[in-house]
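Reviewing the structure listed below.
Order of the sequence lines fixes the chain letters, A, B, ..., with proteins taken first and strands second; residue numbering starts at 1 for each chain.
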Amino acid sequence: MKTTGKVFFPLEDLNRNQQEAVTRSEGPLLVLAGAGSGKTRVITYRIAYLLQERKVPPYAILAVTFTNKAAAAMRERVIGLTGKEGRAVWISTFHSACVRILRQHIEKLGISRHFSIFDDNDSTRVIKDVLAEMNIDARVLPPRRVSYLIGRAKNALVEPDHMAEQGEVNRDHLMDKIVQAYRMYEERLRNSQALDFDDLLYFTWRLFEEKPEVLQSYENLLHYILVDEYQDTNHAQYQIIRQLSAKRRNLCVVGDDDQSIYRWRGADITNILDFEKDFPEAQVVTLGENYRSTGNILSAASGLISKNTGRKEKQLLAIRPDGQKVSAYAGMDEREEGDFIAASILELIRHENFTFKDFSVFYRINAQSRAIEDTFLRMNIPYTIVGGVRFYDRKEIRDLISYLRLILNPADWGSFERIVNAPTRGIGKTSLEKIRKAGSGSLSPEEAIQAALKSGTVKGKAARGAGDLLEALVMLRNKLSIKIPLDEFIVAVLDETGYLRALQAQATDEARNRVENLHEFLVVVDDFMSSNLTDQKNPVELLASFLDQISLVADLDSLKDEGSSVTLMTLHTAKGLEFPVVFMAGMEEDLLPHYRAQGEPAEMEEERRLCYVGMTRAKERLFLTMARRRRLFGQYDNTSPSRFFTELPPENVELHSDTTHSIPGIADAFSSIPAPPGQKVAIGDFTYVPEPVEGEDGLRPGMQVRHPMFGTGQVMIVEGSGGDARITVYFPRGGKKKLIAKYANLELIMD
DNA sequence: TACATCCTTCTTTTT
DNA sequence: GAAGGATGTA
């Protein structure tokens, strides 16, 4: 691709509307990009177009997304289109962009530029603390609720003093308490020189509000702003975008109101619905052609979403042929549901040209993954879970991160309280309370320790432990002031604090596992070092940006394209992705839609959008599955089919032939009544074996065998090989049996 | 103060 | 059916 002549730019790759979205570079532009309409392509082409055709310098462009993965993908594609020029474009998540701005300017607001970033876990801890201090019973006012309300206020840019004016809180008889908790929470954060996630947005907005010269410097720099997933922006994000684009007004927002699924986190769907009101001169381009899904899948999804009222009326046009109908399946319980999903995957791999990485299973809540995992483990189906218990949430990782944060930000009480007795130093609840008192709410933790030691309130074992900790921290800060590689430094932290030694001394499986996780953390460090020009920054800055990076990772960011395995994730995580085959598990009332949405029309619409997002991820095949009873909280409850089943256009959906139960509103495509459960070997009810068992007469999953006592059956699992192999066989007359090959006396039935 | 054991609550969804 | 908190014991 060379820049000669006029028409070098590959506009011919795009349809007419896409071209318009790419080339209308000046003024506000709303791109309504339906599911699968080539949104990412439009955004990347638009950036490339600005650079190459409009000769916009790369540093004058800011593109914001919601996840690091989306940002990375965008950057990669822009670089692919434009070469190294694209590298200098500022492509980032909202939160990372704000951190970058704040690290540079926040001292103007009187907050240290080495501020810690508190994640939800840290914030909740502080809130619990505050509520305890206020003598409020957690049952009267649960910390989670307070945390939710504070977050909501911050997202709406509402300070404690004005919180009472917010409708919902106003009606709450505990309002005074909530407002007071908000104030105290803020006080604690400021005291710790810490910002929570919502603060990152809030303080950026405030910075721009209160320091116009800072805003101006960004306005002068950023001539073109692009926002992806605009339907999920909250009020704070919206205001920041407004501030930045007010002067140049070259703001392009891309999104789809039907895919707004973060209302609970403050996302304000009116941002996208009212864009034309906010920017009266805005142009609107609609991308209405779906290139991703087959006709049946798209029609089914469109039929569902048309039941929503608060949306822009639109119809997506299927470019692809009809394909197969959407399959609905109902099993007896979540185990049968999992078996069906596994069997279907193996079946599709055998008969059609799919591989494991073509499949994804979506569910509403993380707890659903266990049942599916169980089946996959049993059937040897390789899988990757995105999300769930996060690596960075493990105790040992959090402890280590707390040490690192405390080293950078000595005021960080949150981190201090986490590690003060990890490893155990004889500083229990009582001693910690004394140290806190000594700090009297204004000293740093280390100053407080010194005060407590001096006054003799802390003595004996606790005093020695506290002294050791002080010494280790001072020593580590010294180390960091000389030029030390980051990984070496982190090893030094584990060593000087005695953390690693204490774990090793425990010599339990759990402790060994924790040590292993710490090693894995060092791999993350190494990755970071090799992806950054390490020697350009001093160790302090490097550690700081490393911590920034890992505190802002999303679950989705861990998803790699490499390897071949089925992907398991929540519906929320699935936004923005696509897979040839999609299973949506747990299509039941109170799960999807979730029970918290019952009786809340706005929430119910969001559940419907969530279902829509899931369905529109599928390219070739879509399976909607449910279980008639499901174990939640360890006990079985009967379920009823999701209302969304009845909202699907009947002509695009059919009941799967393997279903063991019927679903109201879903037509049975097969006249025969399915065999009662337990009477038949489910289709594909065998297991995947990565390496076929060697040997001519080796038993393999799927083979028919005869047993002297149980009769004929089908081999499901083969573990090991030769005579010692342990095999699991399903006998219609005897059920599942585990046998040792050489004793079982099995006769192979050739077909 | 540390550790074990019991109990309770909890499950949406996440930058 | 786990994780965090409360309670009990050394």
Side-chain angles (χ1 to χ4, degrees), chain A residues 64-71 92-99 117-121 123-125 128 132 138-139 142-144 147-148 151 154-155 195-201 229 232-234 236-237 260-267 362-371 386-390 392-395 421-433 458 460-462 465 502 506 548-558 569-575 586 590-598 600 603 606-607 609-611 613-614 630-636:
Chain A
V64 278
T65 64
F66 275 84
T67 65
N68 294 300
K69 188 183 158 70
S92 158
T93 65
F94 264 107
H95 287 82
S96 310
C98 289
V99 169
I117 301 172
F118 276 13
D119 63 19
D120 280 355
N121 220 307
S123 322
T124 312
R125 209 180 202 78
K128 275 184 188 159
R139 270 170 308 196
R144 301 179 22 142
S147 146
Y148 169 78
K154 285 187 181 180
N155 284 162
L195 267 58
D196 65 22
F197 280 141
D198 301 317
D199 281 339
L200 298 176
L201 304 171
E229 308 279 16
D232 283 327
T233 48
N234 61 34
Q237 288 161 331
S260 170
I261 55 175
Y262 284 104
R263 199 181 108 94
W264 51 276
R265 221 175 67 192
F362 303 155
Y363 35 78
R364 180 66 235 267
I365 63 171
N366 278 308
Q368 281 174 265
S369 73
R370 194 173 303 126
V386 186
V389 182
R390 296 171 64 229
Y392 295 105
D393 282 343
R394 289 172 198 194
K395 181 186 182 305
N421 207 29
T424 51
R425 298 188 171 94
I427 306 173
K429 221 169 147 190
T430 340
S431 305
L432 176 58
E433 203 43 56
V458 172
K461 198 161 60 158
Q506 278 177 13
D548 282 350
Q549 193 183 80
I550 62 173
S551 24
L552 298 174
V553 291
D555 281 340
L556 183 60
D557 298 334
S558 65
M569 67 182 97
T570 63
L571 285 161
H572 283 87
T573 310
K575 188 180 76 166
D590 295 339
L591 202 50
L592 184 67
H594 194 263
Y595 72 90
R596 298 272 282 254
Q598 300 289 0
E600 305 273 342
E603 294 289 332
E606 176 133 321
E607 296 292 309
R609 290 193 291 268
L610 197 51
C611 188
V613 166
R630 179 177 298 276
R631 203 159 45 171
L632 273 180
F633 305 131
Q635 65 169 18
Y636 277 107

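- The CZ atom of A:R630 lies 9.5 Å from the OH atom of A:Y636; values are rounded to the nearest 0.5 Å.
- The interatomic distance linking A:Y148 (OH) with B:dT14 (C1') rounds to 14 Å, in whole Å.
- The pair A:E603-A:R263 meets the salt-bridge criterion, since a charged nitrogen lies less than 4.0 angstrom from a carboxylate oxygen.
- Atom P of nucleotide C:dA2 and atom CG of A:D393 are separated by 17 Å, given to the nearest angstrom.
- At whole-Å resolution of the value, CG in A:D232 and C1' in B:dT15 are 11 Å apart.
- C:dA3 atom P lies 15 Å from atom CZ of A:R125, rounded to whole Å.
- Judged as a side chain to side chain contact (heavy atoms under 4.5 Å, CB included), and not counting sequence neighbours, the contacts of A:T570 are A:Y363, A:N366, A:H572, A:T573.
- Comparing the P positions of B:dT13 and C:dG4 gives a spacing of 15 Å, expressed to the nearest Å.
- Counting any heavy atom pair closer than 4.0 Å across all strands shown, A:S551 reaches no nucleic acid atom.
- To the nearest 0.5 Å, atoms CD (A:Q598) and CD (A:E607) are separated by 9.0 Å.
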Protein N or O to nucleotides 2-7 of chain B N or O, pairs below 3.5 Å:
residue: B:dA2; atom: OP1; partner: A:G426; partner atom: N; Å: 2.9
residue: B:dA2; atom: OP2; partner: A:N421; partner atom: ND2; Å: 3.1

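- Listed pair A:T67 / B:dT15 fails the phosphate criterion, with no side-chain N or O lying under 4.0 Å from OP1 or OP2.
- Separating the CZ atom in A:F94 from the CD atom in A:Q237 is a distance of 4.5 Å, to the nearest 0.5 Å.
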N/O-N/O pairs, protein side and nucleotides 8-11 of chain B side, under 3.5 Å:
residue: B:dT11; atom: OP1; partner: A:R144; partner atom: NH1; Å: 2.7
residue: B:dT11; atom: OP2; partner: A:R144; partner atom: NE; Å: 3.1
residue: B:dT11; atom: OP2; partner: A:R144; partner atom: NH1; Å: 2.3
residue: B:dT11; atom: O5'; partner: A:R144; partner atom: NH1; Å: 3.1

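- Of the inter-residue distances, the one linking A:D199 atom CG with A:C98 atom SG reads 11.0 Å to the nearest 0.5 angstrom.
- For A:Q635 and A:K128, each mapped to the nucleotide of DNA chain C holding its nearest heavy atom, the one lying further toward the 5' end belongs to A:Q635.
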Polar atoms only, N or O, under 3.5 Å: list the protein pairs with nucleotides 8-10 of chain C and their distances.
none

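- For A:S96 and B:dT15, the shortest distance from a side-chain N or O to OP1 or OP2 is not below 4.0 Å.
- Qualifying side chain to side chain contact (heavy atoms under 4.5 Å, CB included) partners for A:A371, counting only residues two or more places apart in sequence or in other chains: A:E334.
- Rounded to whole angstrom, the span from the CG atom of A:D198 across to the C1' atom of B:dT14 amounts to 11 Å.
- Here the options are A:R265, A:R609, A:K575, the test is salt bridge (charged side-chain N to carboxylate O under 4.0 Å, His left out), and the partner is A:D232; only A:K575 passes.
- Judged by distance alone, with hydrogens and angles left aside, the side-chain atoms of A:T65 form a donor-acceptor pair with the main-chain N or O of A:T67 at under 3.5 Å.
- Residue contacts for A:F94: at a heavy-atom cut-off of 4.0 Å it reaches no nucleic acid atom on any strand shown.
- At whole-Å resolution of the value, NZ in A:K154 and P in B:dT15 are 18 Å apart.
- In this entry the distance linking CZ of A:F197 with C1' of B:dT15 reads 6 Å, nearest Å.
- Atoms CG and CZ, on A:D196 and A:F118 in that order, are 9.5 Å from each other to the nearest 0.5 Å.
- Under the 4.5 Å side-chain criterion, counting only non-hydrogen atoms from C-beta, A:L592 is in contact with A:L571.
- With sequence neighbours left out, the side chain to side chain donor-acceptor pair (under 3.5 Å) criterion links A:N155 to A:D198.
- Rounded to whole angstrom, the span from the CG atom of A:L610 across to the C1' atom of B:dT14 amounts to 13 Å.
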